[in-house]
Amino acid sequence: MLYPLSLAVFRQKSREMPLKSFVREIGNMSKKFTKKEKHECRRGGAYIAPDSSPLTSTAGSSTALTEHGRWANLPPELLLDIIQRVEARETCWPGRGDVVACASVCRSWRQITKEVVKTPEQCGFLTFPISLKQPGSRDTPIECFIQREKATSTYRLYMGLSPALSGNLNKLLLVAKKVRRATCTDFVISLVGNDFSRSSNNYVGKLNQPPKDSLVRSTNRSLQKTHSRQVSPRKPMFITAKISYELNVLRTRGPRRMKCDMYSIPASAIGQGGTAPTPTAFTNCNDEARLGFKTLKSAQNVPLVLRNKAPRWHEQLQCWCLNFKGRVTVASVKNFQLVAAAEPSQNVAVPEQEKVILQFGKIGKDIFTMDYRYPLSALQAFAISLSSFDTKPVCE
């Protein structure tokens with residue numbers, strides 16, 4: 001038999017050598033991956049082996065199926081022990097790519113890996129692409145930064161403290177490209193930096209600024225400019241959030257005022273015992289659209305509303321200030337912190353209303369930090385942050 005190791009032998013062997021060496025030794029036994037696939041997994045790519053392979057009579061296909069069977073025949077106890085050890089050991093990127101590699105081996109490995117790996121809300125880690133659409137951690141914010149490239153009008157979201165502090169530990173999460181049109185501006189969001197087609201599997205969503213003639217005049221005669229993030233990769237498109245920037249009478253001398261209506265997150269999510277929608281797989285647009293309409297039409301699920309935390313005026317510095325706890329170092333009108341704006345009838349505790357759910361700010365030329373937490377996902381936080389980059393004559 002190709003794998004004569006029993007669970008007892010594995011445990012004894014794992015005590016004699018480091019876990020990473022043992023995992024590497026098991027990996028070297030397999031000839032399943034091509035060199036290209038191994039490279040993708042080692043660098044933390046999102047490659048996942050398909051659930052089933054086409055059945056043909058060619059010799060190459062027979063070999064692939066045989067190798068798949070050899071990996072799938074590992075004792076479940078042994079396989080579970082291996083994946084649990086790898087998952088517990090690799091808590092940051094690029095080492096976290098080893099967990100993705102385990103899910104890429106075959107169907108049985110993928111199934112057990114999905115059972116072992118927890119959601120970002122539970123563990124605070126981003127592992128698979130679907131983690132980008134799941135709520136962040138409840139305990140501590142997930143720290144990221146955005147790198148702006150003006151020449152190409154692209155914005156890259158990385159997981160990490162900053163380019164200087166994280167170094168090679170940075171993990172690219174999402175990429176957005178700014179597309180200027182005659183009447184509006186769009187930010188197309190993708191999993192990779194070279195494919196922004198709506199028909200691609202890498203397409204995630206779009207932040208859309210309506211045409212100028214769609215500016216809404218409210219009852220108090222103040223103007224609002226609305227940015228609506230639409231997250232349905234293929235037709236039709238549905239609005240899942242609306243970001244409004246209100247009139248600032250001081251223009252660039254005063255802070256911006258933001259309001260975010262999160263149609264896909266109920267206000268009850270931040271209350272005691274509340275939960276936020278947590279997708280477990282990328283769904284097609286029709287399934288996602290139906291879920292969205294159920295949330296909007298339900299009278300019990302009032303959408304969560306976020307507002308920017310009001311800054312205080314610092315007399316000595318002669319500027320508006322917010323406590324970013326060292327994560328923001330450069331004064332900018334783009335800097336903001338978002339907190340929940342709950343109604344008294346929603347019975348949300350005061351500490352929950354004061355908790356910063358998303359903060360965004362500048363730390364250098366074209367470098368901005370973005371820290372988010374439950375109930376927002378990385379995708380939602382990124383879209384809200386992107387809206388701050390666009391010129392807003394109403395606000396400034």
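What you see is a predicted model; the values in this text were computed from it and never measured.
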Original post:
With side chains defined as the heavy atoms from C-beta onward, is the minimum distance between P375 and L304 less than 4.5 Å?
Top reply: yes

Original post:
Is any side-chain heavy atom of R138 less than 4.5 Å from a side-chain heavy atom of R373?
Top reply: no

Original post:
Hey, what do you get for CG (L132) to CD (Q380), rounding to the nearest 0.5 Å?
Top reply: 11.5 Å

**OP:** Could you give me the CA-CA distance, side-chain angles and deciding distance for D186 and K178, then say whether salt bridge (charged side-chain N to carboxylate O under 4.0 Å, His left out) is met?
**Re:** CA-CA 6 Å; D186 293 340; K178 188 175 185 177; over 6 Å; no

Original post:
Counting only N and O atoms by type, is there a donor-acceptor contact under 3.5 Å from the side chain of E115 to the main-chain atoms of L80?
Top reply: no

Subject >> Pair S190, D195: side-chain N/O donor-acceptor within cut-off below 3.5 Å >> reply: no

Original post:
Would you say L338 and K309 make side-chain contact, with heavy atoms under 4.5 Å?
Top reply: no

**OP:** May I ask whether I130 and V99 are part of the same hydrophobic cluster, defined by side-chain heavy atoms of I, L, V, M, F, W, Y residues being less than 4.5 angstrom apart, directly or through others?
**Re:** yes

**OP:** Report the C-alpha distance between R96 and E87 in whole Å, list the side-chain angles of each, state the deciding distance to 0.1 Å, and finish with yes or no for salt bridge (charged side-chain N to carboxylate O under 4.0 Å, His left out).
**Re:** CA-CA 8 Å; R96 197 72 180 167; E87 201 276 337; 2.8 Å; yes

Subject >> Distance (rounded to the nearest 0.5 Å) between D139 CG and Y374 OH >> reply: 12.0 Å

Original post:
L161, F324: one ILVMFWY side-chain cluster at the under-4.5 Å cut-off?
Top reply: no

Original post:
F336, V356: one ILVMFWY side-chain cluster at the under-4.5 Å cut-off?
Top reply: no

Original post:
Within the distance-only criterion (no hydrogens, no angle test), does the side chain of N335 pair as donor or acceptor with the backbone N or O of V330 below 3.5 angstrom?
Top reply: yes

Original post:
Would L376 and L306 satisfy side chain to side chain contact (heavy atoms under 4.5 Å, CB included), going step by step from the backbone distance to the final call?
Top reply: CA-CA 11 Å; L376 290 183; L306 303 178; 4.1 Å; yes

Original post:
When you check the side-chain N and O atoms of T152 and E149, is any donor under 3.5 Å from an acceptor?
Top reply: yes

Original post:
Any idea which heavy atoms bring L157 and A378 closest together, and the distance?
Top reply: CD2-O, 4.3 Å

**OP:** Please answer: with hydrophobic residues joined when any side-chain heavy atoms are less than 4.5 Å apart, are L191 and W93 in the same cluster?
**Re:** yes

Subject >> Heavy-atom side-chain contact between P303 and M262 under 4.5 Å >> reply: no

**OP:** Any chance you could measure Q359, atom CD, to N308, atom CG, to the nearest 0.5 Å?
**Re:** 13.5 Å

Subject >> Flag, side chain of R307 to backbone of A341, donor-acceptor distance under 3.5 Å >> reply: no

Original post:
So, F360 versus F368, ring centres under 6.0 angstrom or not?
Top reply: yes

Original post:
Is any side-chain heavy atom of Y245 less than 4.5 Å from a side-chain heavy atom of S387?
Top reply: yes

**OP:** Could you give me the CA-CA distance, side-chain angles and deciding distance for V188 and V179, then say whether side chain to side chain contact (heavy atoms under 4.5 Å, CB included) is met?
**Re:** CA-CA 7 Å; V188 182; V179 181; 4.2 Å; yes

Original post:
Does any non-hydrogen side-chain atom of S108 lie less than 4.5 Å from one of P76?
Top reply: no

Original post:
Hey, does Q84 have a side-chain heavy atom less than 4.5 Å from the side chain of V86?
Top reply: no

**OP:** Output the distance between atom OG1 (T329) and atom CD1 (I367), rounded to the nearest 0.5 Å.
**Re:** 11.0 Å

Original post:
Any idea which heavy atoms bring Y158 and N170 closest together, and the distance?
Top reply: CD2-CB, 4.0 Å

Subject >> Value rounded to 0.5 Å, distance of OH in Y372 from CG in L379 >> reply: 10.0 Å

Original post:
Do you reckon V117 sits in the same ILVMFWY cluster as W109, going by side-chain contacts under 4.5 Å, direct or chained?
Top reply: yes

**OP:** Please examine the side chains of D366 and K150, heavy atoms only from C-beta on, and report whether any two atoms are closer than 4.5 Å.
**Re:** yes

Subject >> Euclidean distance, E343 CD relative to Q353 CD, rounded to 0.5 Å >> reply: 9.5 Å

Subject >> Donor-acceptor contact below 3.5 Å, side chain S388 vs main chain S385 >> reply: no

Original post:
Has R148 got its NZ or CZ under 6.0 Å from the middle of the six-membered ring of Y155, at an angle within 45 degrees of the ring axis?
Top reply: no

Original post:
Given the rule in the side chain to side chain contact (heavy atoms under 4.5 Å, CB included) test, do M159 and I142 qualify, once you have shown the distances and angles that lead to the verdict?
Top reply: CA-CA 8 Å; M159 185 176 182; I142 296 179; 4.1 Å; yes

Original post:
Which heavy atom in L322 sits nearest to a heavy atom in P311, and how many Å separate them?
Top reply: CD2-CA, 3.7 Å

**OP:** Provide the closest heavy-atom pair for P135 versus P120 in the form atom of the first, atom of the second, distance.
**Re:** O-CB, 3.5 Å

Original post:
Salt bridge check: are D371 and R327 linked by an N-O gap of less than 4.0 Å?
Top reply: yes

**OP:** Write down the atom of L207, the atom of A383, and the distance for their closest heavy-atom approach.
**Re:** CD2-O, 3.6 Å

**OP:** Could you tell me whether the side chains of S137 and Q122 share a donor-acceptor contact shorter than 3.5 Å?
**Re:** no

Original post:
Would one find more than 12 heavy atoms of other residues, nucleotides or ligands at under 6.0 Å from atom NZ of K114?
Top reply: no

Original post:
Does S200 reach the main-chain N or O of S197 with its side chain, forming a donor-acceptor pair under 3.5 Å?
Top reply: no

**OP:** Test side chain to side chain contact (heavy atoms under 4.5 Å, CB included) on S162 and I363 and set out the steps.
**Re:** CA-CA 9 Å; S162 68; I363 59 173; 3.9 Å; yes

Subject >> Where G364 and K362 come nearest, the two heavy atoms and their spacing >> reply: O-CE, 3.3 Å

